[in-house]
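Below you'll find the structure, written out as C-alpha cells, and then a few comments.
Throughout, a chain's letter reflects where its sequence line sits, starting with A, and its residues are numbered from 1. Since we're looking at a predicted model, the values are computed, not measured.
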Amino acid sequence: MKETPNTFLPLSPATLHILLSLAGVELHGYAIMQEVQRQSEGKYKLGPGTLYDNLQKMIDRGLVEELGKKPGDDDPRRRYYRLSMLGRGVLTAEISRLDDVVREGKMRLQAKPRRA
Amino acid sequence: MLRFLYCAVLRAHPPYFRQRFSDEMQAIFDQSDSELTRAQLLADAVFSLARQWMLRPQFWEEPAPVAAEGGTALFSSLASSKPRTVALFSGAILSALVLNGVSLTIGYAWEHPIFIEIRRPTIVPPAAWKARPVMKPGVSEPVEPYMFTDQGRVLLVFNSPAHPAPQTQSAAKLTSQADTSAVPLADIAPSSTNQIADTPMGVLQAYAGTYVNPAPHGLRVLVTIDNGRLFLDIPGEFRSPLSPLPNPQLLACGVGDCWVMFSTGAKGTVDRIEVHHLGREIVGFRAQSGMVF
C-alpha cells in the first residue's frame, strides 16, 4: 500500500524541523543541526544521535534522500541529504495542518467567552 | 580521552547504523571546539546507543533488497552479519570502562567505614599483690631481696606468711651460694617464732653449738637453746633469738639487718654458719667436741 502524506501526520518536532531545514537546500548532518537551532532561535537543539536516528527513519520511509559525499567539501566524511517529493508533500501537509491549528487557535482566542 | 570514548560508543552501535552514520557523527564530534560540547555529544551518543539497540531492531541489519520492478538486476552484499573482531574488542573495553565507572560510583556513594573496637586489656592484680608491708615511722624504705638464677630465668618470689612459696632446689642452692651481703629484715615477712618453739629438741640440737671463724682473732659464734628456742650469741656484740624465714635455709635474728644461714657438711650434719649483720659477713665452722680455741 502506497503511503500518502497525510498518513505521516502529525510529525514529531524533530522530524518537522529536519524536513523544514531541508526544504530549500541540500544539507549535511552538521548543517541540519545548525539550521534547526537557528529556526528555533536556540530553543531546540538536536544532537547527532537524535538527528541520524530520525534521518534513518525518514530515509527508510522515503521522506529524505541521501546524496552521498560531495567532492571539494571541507570534510570528506560528510554526506548530504535532500527532501524527496514525498517528504515535500508531507511537509506541506504538516504546514497546512499547523496553519489550520493556528488559525483555529487564533479564532478561539479572539472570540468572546460565552457563558454556558 | 573523550574522543576515544566517543569512538568506542559509536563502534558499539548496531552495524547498519554504524556503517551509515558513524563517520558523520565522528566528523561532528571533531568539529566541536569545547570540552563541554564534547561531553554533551558523548552523552548524546550513549543515549543513541541505547535507543538503537532497544528501540530500533529493524535497523540492526541492512534490510534485504526488494526486487525491482521490470526485472532490473539487483546486487546485495553477502558480508557476514556477525560483529567484527575489532568491534567485539571495543565492546569489551567499553564494558570494562562502564563497569569500572559504576564500581567507582558505588564506592564513592556508599562509604561505610567499619569500626573495630580494640579494647585495651585491663590487668587487675590480685588483692594479695597490693598488700605492702606497713612502714613504721623513722624506718627507711625496705629493699627487696633480689633473686636471680644462672640459667637465664627470672625468679619471682612472693613473700606470703600464710603460704610460703616453695623454693626449687636450684634456687635454694643459688641462694645459699650467692650473696654474702646483708639482707634487710624489715621487708621480710614476719615469722612465727612458735615454729622453732614447736620444733623437736633433737632438731634444734643439730644446730646448737659453737662456731669458730678460722681467721686469726676470728669471732666465735654461739648457737644455744633456751626455752625451746634457738639463740644466736656473738659474745661482746649481741644475743638474739632466731626466727625462721620463708626461705627454709635462712633464719632471722631479732636485731635489725641480720640473718643467718646454716650449711651441712659431707656427713649431713650442720657444720657451718654464715651470719650477715649490718653488711658484715661472719663465717664460722662448728667446733668439734674436745677442740680448744
pair A:R77-B:D30: side-chain heavy atoms closer than 4.5 Å |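 Touching, per the 4.5 Å side-chain cut-off.
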Below 4.5 Å, heavy atoms only, C-beta onward: do A:R79 and B:F21 meet side chain to side chain?
->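 The answer is no; the side chains never approach within 4.5 Å.
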Measure across [X] and [Y] and return the closest heavy-atom pair with its distance rounded to 0.1 Å.
| X | Y | value |
| --- | --- | --- |
| A:G29 | B:I28 | C-CD1, 4.3 Å |
| A:D53 | B:F17 | N-CE1, 4.1 Å |
| B:D44 | A:G49 | OD2-N, 2.5 Å |

Could you check whether atom [atom1] of [X] has more than 12 heavy atoms from other residues, nucleotides or ligands sitting under 6.0 Å from it?
| X | atom1 | answer |
| --- | --- | --- |
| A:E41 | CD | no |
| B:F89 | CZ | no |
| A:K70 | NZ | yes |
| A:M107 | CE | yes |

Just checking, is any N or O donor in the side chain of B:E24 or A:Y52 under 3.5 Å from an acceptor N or O on the other one?
->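 A donor-acceptor contact under 3.5 Å links the two side chains.
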Roughly how far apart are B:Q31 CD and A:Q34 CD, rounded to 0.5 Å?
->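 Rounded to the nearest 0.5 Å, the CD-CD separation comes to 7.0 Å.
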If you measure from CD on A:E66 to CZ on B:R20, what distance do you get to the nearest 0.5 Å?
->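 Reported value, rounded in 0.5 Å steps: 6.0 Å.
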Heavy-atom pairs under 4.5 Å with chain B, option from A:T50, A:D75, A:I59 with the top count |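 Option with the greatest count: A:T50.
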Is chain A contacted by the side chain of [X], its backbone, both, or neither, given a heavy-atom distance below 4.5 Å?
| X | result |
| --- | --- |
| B:F29 | neither |
| B:A27 | both |
| B:Q40 | neither |

